[in-house]
Number of protein chains: 2
Amino acid sequence: MAIVRQSKKRDAMLALLRGTDQHPSAEQVYRALKPDYPDLSLATVYRNLAQLCEQGLALRVGTVNGQERYDGHTRPHSHFICNRCGRVADLPRLSPGEGCVERLGVQYGFTAERCEFVIRGLCKGCEDF
Amino acid sequence: MAIVRQSKKRDAMLALLRGTDQHPSAEQVYRALKPDYPDLSLATVYRNLAQLCEQGLALRVGTVNGQERYDGHTRPHSHFICNRCGRVADLPRLSPGEGCVERLGVQYGFTAERCEFVIRGLCKGCEDF
DNA sequence: AGCTTAATAGGAATCATTCCTGTTAAGGAT
DNA sequence: ATCCTTAACAGGAATGATTCCTATTAAGCT
């Protein structure tokens, strides 16, 4: 990987991701920072989100309504996604058991880099139409 | 939901999904069936995949390289996705514990419709570049 | 056989994401 | 402090998966 230089905009993006539990999309990050960085480009948002993910500073949570959602909190935890409103909420860490993933890796022939446990359904507000 | 009529093409799609463990994309379904159904349209593939998912006869496994992957096997199980070659493999059911999801639903205010446990990493063939 | 409307083809439209080109600016080297 | 290399960037074009639209066909009841 090439050298990573300091970048005001990327720093702001990471700060934004770390300061919210909303799991914003690229578009939402763009709109949130545009006022402070009027010449911010959407391409820059995508490029920096990809880089933050590569560096392990952010995570792709999953696709909601065709848009990827991002999380700046990298401590192991799980997510709930509302199928109606698209809200993404944090859940405590859910694991399939100690050493389970490692055993499966041996058995099925893979090395795990990451595990995601995602619950999809309806949130409180969306249950009653 | 509207009445569901018989459809040769949709039947063929479901049979294809049920007869493979490859978790094909819409494009792959299209290419697999095009020889037998020369006038098959990609729009029809997308429409029927969506309908099969609504009916609970198929599942969206997740996005790999920007393309959604589909699974015709609906018995609870998990998936491994290779980050390099994009292969999607079945794993046995992995659950976070009996009644766990229900408890979380009560605690965090949601009703779960589905749970996915996905492991991402490198498969055997891709490990050694 | 007639009727309602789901299913369809084919092509246009949408829209998230990536690519491209020229420019700017980190930050190490001189 | 100035020079140099190249990462970061804007802005806009390109890509590509998916959805939408319109006219046509065909399930499958009556």
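Chain identifiers are assigned alphabetically (A, B, ...) following the order of the sequence lines, protein sequences preceding nucleic acid strands; residue numbering begins at 1 within each chain. Quick caveat, the model's predicted, so the values are computed rather than measured.
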Please classify the nucleic acid contact of [X] as base, sugar-phosphate, or nothing, using heavy-atom distances under 4.0 Å.
X	value
B:A43	base
A:E68	sugar-phosphate
B:R10	sugar-phosphate

Heavy-atom side-chain proximity of B:Q51 to B:R47 below 4.5 angstrom: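 Not touching, per the 4.5 Å side-chain cut-off.
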
[X], nearest nucleotide to its side chain (from [options]):
X	options	answer
A:S41	C:dA7, D:dA10, C:dC19	D:dA10
A:T44	D:dC9, D:dT5, D:dG28	D:dC9
A:Q6	C:dG27, C:dT8, C:dA6	C:dG27
B:Q67	C:dA16, D:dA17, D:dA7	D:dA17

Side-chain donor or acceptor of B:R114 paired with backbone N/O of A:R120 under 3.5 Å: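 Side chain of B:R114 to backbone of A:R120, a donor-acceptor pair under 3.5 Å: no, none is there.
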
It should be established whether A:R47 places a side-chain nitrogen or oxygen under 4.0 Å from OP1 or OP2 of nucleotide D:dC9.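 For D:dC9, OP1 or OP2 has a side-chain N or O of A:R47 closer than 4.0 Å.
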
Between B:N65 and D:dA17, is there a side-chain N or O to OP1/OP2 distance below 4.0 Å?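 It does not, given that no N or O in the side chain of B:N65 lies less than 4.0 Å from OP1 or OP2 of D:dA17.
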
B:K8 or B:Y70: which one's nearest nucleotide on DNA chain D is closer to the 5' end?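 Looking at the nearest nucleotide for each, B:Y70 comes out on the 5' side.
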
Calculate, to the nearest 0.5 Å, the distance between atoms CG and CG belonging to B:L94 and A:L94 respectively.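 Reported to 0.5 Å precision, the distance equals 12.5 Å.
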
Classify the ring geometry of A:F80 against B:F110: parallel below 30°, tilted from 30° to 60°, perpendicular beyond 60°.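 Parallel, since the angle between the ring planes stays under 30°.
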
Whole angstrom value for the distance that separates P of C:dT17 from OH of A:Y30: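 From A:Y30 OH to C:dT17 P: 15 Å.
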
